[in-house]
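Everything on this sheet refers to the single structure shown next.
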Amino acid sequence: MEREEQRAVLDGALAAGARGSGQLVVICGPMASGKTALLHDFLGRAAGRGVALATATAAHGERGLDMGVIRQIAGNLVLAEPCHDTSTLVEAAAWSEAPRSDGHLVEDLCTFLTQLAARQPVVVAVDDVHAADASSLRGLLYLQRRLRFANVVMVLTEQNGLLPPEYEAFRAQITRWPNTSHARLALLSPNAVAELLERRFDRRAADLLATGYHELSGGNPLLLHGLLEDFAATRGEREDTALTRPEPIGLEFQRAVRTLLHRWGRPQLAVAQGTAVLGEAATPALLGSLLGLTEDTANQAIGDLESTGLLHAGRFRHPLARTAALGSLSGAERARLHLGAADLLYTHDTATSQVADQLVAADRHGIVPDRPWASDVLRHTAQEAMAHEDVDLAKQRLSLAVRSVGDLRGRVEVTSLLLQAEWPDKPNGVTRYVELLRQARADGWLSREDALPLAKVLLWYGHLDDLKETMRVLSESGPQDLTRNDTFGLAMHWLAFLCPPAAEGVAGLEPAGPGRPADTPWSKALTMLGLLRSGGPREEVATAAEELLSGYSLTEQTFDLQASALTAMLFTDHHDRAGYWSEALLSKTAGTGARVWEAVLTAVHAHVLLRQGELTRADELARRATDMLTPRGWGTAIGLPLSARLAALTKLGRHQAAVTQLRMPVPDSMYQTLFGMLFIYERGLHYLETGQVYSALHEFEACGDRLHQWGMDLPTAVPWRVGATEANVLLGRTAAARRLAEEQLGNLGPGGTRMRGMALRAVGISDADPAAAVRTLRESVAMLDQAGDVFESSRALRSLSRALESAGESEAARAAHRRLEQLVRGLSGATDEAADVDGGSSAPSSPTEEEPGARGLTRAERRVAALAALGYTNKEIEAKLFITVSTVEQHLTRVYRKLNVRRRADLPVGLRRFAPQTVGPAAEV
């Protein structure tokens, strides 16, 4: 391919030799450009024309063998066939078998070739003559001078580039002969590559791949052959439409690169390996220093490598070519070169990231850097990597920095950074770093920057005593530091928000007022948290949260900022915007490996969906979030996904599944955090829905007491008063219910459609005036409809229907009930029992805390039994509860069987307190 001109030169020399004029042809070109193939093609054609051949191949590894090439020529004599000259055959056999010394070898060979050339043409060919030993080079000069008038053509192949000095001297002398010609080879052109592809495959492959293959190989036939073999091996696995680029590049291409490299002598091979080690930092000067070469030698070797197509502009054309070059080094050689490269780059004040890469590579191949500056470089570049969200690179550098740092304080600093880097992906793994940081804190020299990551881990895993001590140590620099407008101040306030007991006695962590200057994101976040904790204007809190979520990307440094903003938006009843931002943040975590972030954000989004009435999706997301980390990996934060799942299952009527969530082991310290309060509140709602009213009230009151003690009684975050109101109504404690409902409504302040609708429902069901209850509940339904929470709307409609019936407005009650039926049928994922419009639940009452006569009854069965115990007929119960007579009969049949009674008169008197009231507050909640 593109070798016609060179073939003509060789054929012309053979013809000139037949006229009695000895010829020398030098085939030259870049390494692996096809010189050997051209030579063998010529020798094959010459043998077919009756030419005797004497051939040899030189090799760098045999340069120590004196007369090695000459001996090959003498031993590789092939006469032209058929040879009918008996004397020639006899002489050739005698020549091969005759013993001779090195001193007479060249002279005897010359005599024999001269005699042979008188009878038939002779070609003497030496491949890679530049690698021949010095004595053979002298022998070739001797032959050339004495065969210049014989029918002998000498053909030598040589590579371009930096060659041994003795060969340069040889070449200068041998090419002085007038009958010398050159056959110069170049690398293949794009057209030649396309022609080869078409011959090997088809025209489509040629059209699609020729340009890319030429760029990758530089037109080098050896490299191109490797690409073709890789393509042939994978072509059967491809669709025709996939033939748009040369990839995949595989094993054969890498083998071709290594073959090419090992054909060179030391300077080129070493420079190729050094270029692979230095990467983008490679320059002739640095390569020379790294490899012990002069800059000129390194520069010339680069030119040689570029001439072969392996390099372009001093760089490998493809990463796999660089990988192959690195693979030509032993592990020890590679480690030594990487460490040497790190020293050079550090000395030349090169970018520290490149120095760090060399240190890590040296460590990977067996040498732990012992340079005094190594740990500082690794730590600095790891922080840069974290800032650019390349956490894997940061962990790689920090893990080496820990092992290479010399002093204990330095190890503490690096350990703290490593904890931060590993935390988002492997929360369980960071516990091994805690002890060193604890000891540093105890010794009094743990810096503020290093203490914050420790505090976060201590909170996560519930080491609250340690956390409190750490926060106390952090505060000792002065309260003013805790109000700084930076990550430190925000982190401290965020920790106090999530775990108020840890902040007890720590000055400066009181909620910040609205007067704080908001000139930085951290100060905006501090103001936002302060307003949230102190019950400030919800719109102002939400506006600040939106600014923080929209203005900053999600990184290790900003996660607290984003998480606090998302929490504030959720807790101020802006669930639509919270849903948008939780989804947006989740999309940013995709592919980052930050499992903790993804798990937390998934759990938060599940809480958002709960507030939007999308119960099935909320359950799915909560389950997914729980499974993202192990229970130990979740630590105290397990309350976040557990509370969401418990709420979803309870509202879906899947009470047995909800009980499974209640039985999951959780750390006791969870109940000292905001996560625990969410869980206690949802546990109370579960108890309420399953008829365990006393247990429910206990949960709500415990939740309220603790939040009040912490100064965190946020009515929109944990609306425990709503649940306590319902429990008190069921227990007949109307005064307590009314007080709690009015407190909830009064504490809300302006805005908050969903929470206000829930509070109004609590007020309505606790109102003894039927007409007032109806008005309040109608307002509640309207607000909850507007908020879009289908579940809460259905509960408010049920309460309204009961209130209307109690007020004597039967027709309006039936209308409300019909709308309730439509709403419940559309409630996503609700079970048949959950969708029972009589408000019943399939779960039995607690066998230990409720009236003995009600044990084992569902909520719906209790209500029917209660009215039957009061003397209501089945038809009257139908009208009272808006259910069919058949349903009444089925409920009573189950009640009789469970209570082992035969008739209404035998029903326990205690059941009567579960009956809905005909006037006054609606008992069904």
Quiz item: Side chain of H607, backbone of S643: donor and acceptor closer than 3.5 Å?
Solution: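 It does not hold such a pair.
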Quiz item: Counting distance only, does the side-chain N/O of W460 pair as donor-acceptor with the main-chain N or O of A637 below 3.5 Å?
Solution: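 Judged by distance alone, no pair lies under 3.5 Å.
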Heavy-atom pair with the smallest gap, counting every atom of [X] and [Y]:
X	Y	answer
R255	E252	NH1-OE2, 2.9 Å
A491	D560	CB-OD2, 3.9 Å
A622	A644	CB-CB, 3.9 Å

Quiz item: So does E333 pair up with R336, basic N to acidic O under 4.0 Å?
Solution: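 So E333 does not pair with R336 through a salt bridge.
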Should the pair [X] and [Y] be assigned to parallel (<30°), tilted (30 to 60°) or perpendicular (>60°) ring geometry?
X	Y	answer
H318	F253	perpendicular
W494	F497	parallel
F559	W597	parallel

Please list every donor-acceptor pair under 3.5 Å in which a side-chain atom of residues 367-374 meets a protein atom from a residue at least two apart or in another chain.
from: R371; atom 1: NE; to: D343; atom 2: OD1; distance (Å): 2.8
from: R371; atom 1: NE; to: D343; atom 2: OD2; distance (Å): 3.3
from: R371; atom 1: NH2; to: D343; atom 2: OD2; distance (Å): 2.6

Exercise. Rounded to the nearest 0.5 Å, what's the gap from OG1 on T602 to CD on E583? Could you check?
Key: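 Nearest 0.5 Å value for the OG1-CD distance: 10.5 Å.
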Self-check item: The single option from T308, T297, D304 passing side chain to side chain donor-acceptor pair (under 3.5 Å) against Q268
Solution: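 Considering T308, T297, D304, a side chain to side chain donor-acceptor pair (under 3.5 Å) with Q268 is found only for D304.
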